[in-house]
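One structure is given below, encoded as structure tokens.
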There are 2 protein chains.
Amino acid sequence: MKKYIPILKETQLFSGISENEIEPMLSCLQAEVRSYKKGEYVLSQGDSLSYITVLLEGCLHVQKDDYWGNRSIVNVVGEGDMFGEAYAIADDARLLNDVLAVEDCRVIFFDVKRVITVCSSACRFHSMVVQNLFFAISEKNRRLVQKIGHMSKRTTREKLISYLSEEASKQQSSTFLIPFNRQQLADFLCVDRSAMSNELCKMRNEGLIKFERKQFTLL
Amino acid sequence: MKKYIPILKETQLFSGISENEIEPMLSCLQAEVRSYKKGEYVLSQGDSLSYITVLLEGCLHVQKDDYWGNRSIVNVVGEGDMFGEAYAIADDARLLNDVLAVEDCRVIFFDVKRVITVCSSACRFHSMVVQNLFFAISEKNRRLVQKIGHMSKRTTREKLISYLSEEASKQQSSTFLIPFNRQQLADFLCVDRSAMSNELCKMRNEGLIKFERKQFTLL
DNA sequence: GCCTTTTCGTTGTAAAAACAACAGATTTAT
DNA sequence: ATAAATCTGTTGTTTTTACAACGAAAAGGC
């Protein structure tokens, strides 16, 4: 359990809490680590979840099969990411998606009741975790709305402009780095990579933007 | 103010709190009720919000109009639903969307600082409101993720299938009512109305669905 | 260093969507 | 009850996207 503390320290959930403070919290929060083989389901649609979870190792896909059996991947969970928290915290929320291990995985579970109910004074950093969770979910909410703002644009060019403008304003510079490669950016904006790449180059030729790998400049 | 207590009692924010316990909380939370006519804006993009709000009566759309006049409906707020909370909780978050009354509405405002800061006095149900707020924000996140799931689909048909499947499963019936007219549904899924209407009729001709105004049936 | 894998840009084609314009049905207002 | 406004379906045209296939450049492993 101890070996995962450096990973946990970097997560938003434990932001502002040092490594030696995390250790006693693990038992307070009834932490439990489980392993999954590639192809196994970590969570399934319809499940009732009572754990806050953080992915320690591997990669997960949050996906859904619709009425006619078509599958859609909703989200990719990377190492250190929290997932399923909205289902664990909400009162009686059944999972609407499946969570599949696409690699061998290691997941840490925290009892949600222990997390959101502040325990007696012994665990003084607990209230900070509660607050972290509160702000994290609010921020996640706003990020989702922003993502919807980009996706709602009709053309690939408009989606790109929407996203790049926001990134520029967030980083307070017309030159900035994006956290995606081309494929990931396309997946984020829900467009085809090659079509997007094509559009980016057109925009560059028209003198709207400059870019080099992950560095972009709005002109 | 008193007459709204029976409505508030049924809301997520005051879940588990009885009517006679709500009354003293209203002053503690500095509640204020305002009315809006159909077509009026309750909140506007760029606003800084310091109130948790609950819709007592009517229906609201959380939406955004872009430079070219394209409208994107992010969320539908029904009676008893809370809105804008993610912006109120964060310290310096400006609203990304407008909130429009699509019917005559009545909204109650609570000072967010009073809500999330548990008071010292004998307001013992206050901490339960805080917990309810957690639940509500989590649920909101889930709804946003669902919407992204629909929008992430490449074709209008897939978007429709995704949305209608979910609505069917949410209402636990293959026949159900949607809360949108055609234009609003198009705005919600971020596609052109006529193209969507066309696609719906094709799907009906292919025997996939039946519909009549706002009532749909999956076959 | 070299080889392998990944990333990125480019092109052409087929499919799909946006857009515009219009007519009939339905709802709302007076 | 009638007129006005809104909603819905339909069609044709233009624009945009998805898809597939490929080579060059860059990154990573040994």
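Each chain gets a letter, A, B and so on, in the order its sequence line appears, and its residues count up from 1.
Toward the 5′ end of DNA chain C lies the nearest nucleotide of A:Ala195, the other residue of the pair A:Arg154 and A:Ala195 mapping further downstream.
One can place CG of A:Asn198 at 11 Å from P of C:dG12, the figure rounded to the nearest angstrom. Whole-Å rounding puts the B:Met151 CE to C:dA17 P distance at 14 Å. If you measure from atom CZ of B:Arg193 to atom P of C:dA21, you get 14 Å, rounded to the nearest angstrom. Look at CZ on A:Arg157: it is 17 Å from P on C:dA18, rounded to the nearest Å. Atom CG of B:Asp192 is separated from atom C1' of D:dG12 by 14 Å (rounded to the nearest Å). Atoms CE (A:Met196) and P (C:dT10) sit 13 Å apart, rounded to a whole Å.
Among the nucleotides D:dC19, C:dA17, C:dC8, the one closest to any side-chain atom of A:Ser194 is D:dC19.
The shortest distance between the side-chain N/O atoms of A:Ser197 and the OP1/OP2 oxygens of C:dC8 is not below 4.0 Å. OP1 and OP2 of D:dT16 both lie 4.0 Å or more from every side-chain N or O belonging to A:Thr155.
Taking 4.0 Å as the cut-off between side-chain N and carboxylate O, A:Arg157 and A:Glu206 count as a salt-bridged pair. One finds a salt bridge joining B:Arg34 and B:Glu32 here, because a Lys/Arg side-chain nitrogen approaches an Asp/Glu carboxylate oxygen to under 4.0 Å. Taking a cutoff of 4.0 Å between a charged side-chain nitrogen and a carboxylate oxygen, A:Arg154 and A:Glu158 do not qualify as a salt bridge.
No donor-acceptor contact under 3.5 angstrom links the side chains of B:Ser48 and B:Arg94, judged on distance only.
Within 6.0 Å of the OH atom in B:Tyr51, the count of heavy atoms belonging to other residues, nucleotides or ligands does not exceed 12.
A parallel orientation is assigned to the rings of A:Phe216 and A:Phe176, their planes being inclined by less than 30° (bins at 30° and 60°).
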side-chain hydrogen bond (donor to acceptor under 3.5 Å, both in side chains) between A:Ser169 and A:Glu166, worked out: CA-CA 5 Å; A:Ser169 113; A:Glu166 184 210 314; over 6 Å; no
Derivation and outcome, side-chain hydrogen bond (donor to acceptor under 3.5 Å, both in side chains), residues A:Arg106 and A:Ser35: CA-CA 4 Å; A:Arg106 221 175 282 271; A:Ser35 296; 3.2 Å; yes
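Within residues 180-188 of chain B, the residues approached by DNA chain D to less than 4.0 Å at the level of any non-hydrogen atom are B:Asn181, B:Arg182, in residue-number order. Looking at residues 199-219 of chain A, you'll see A:Glu199, A:Arg213 sit with a heavy atom under 4.0 Å from some atom of DNA chain D.
For the pair A:Lys147 and A:Phe188, the cation-pi test (distance below 6.0 Å, angle within 45°) is passed.
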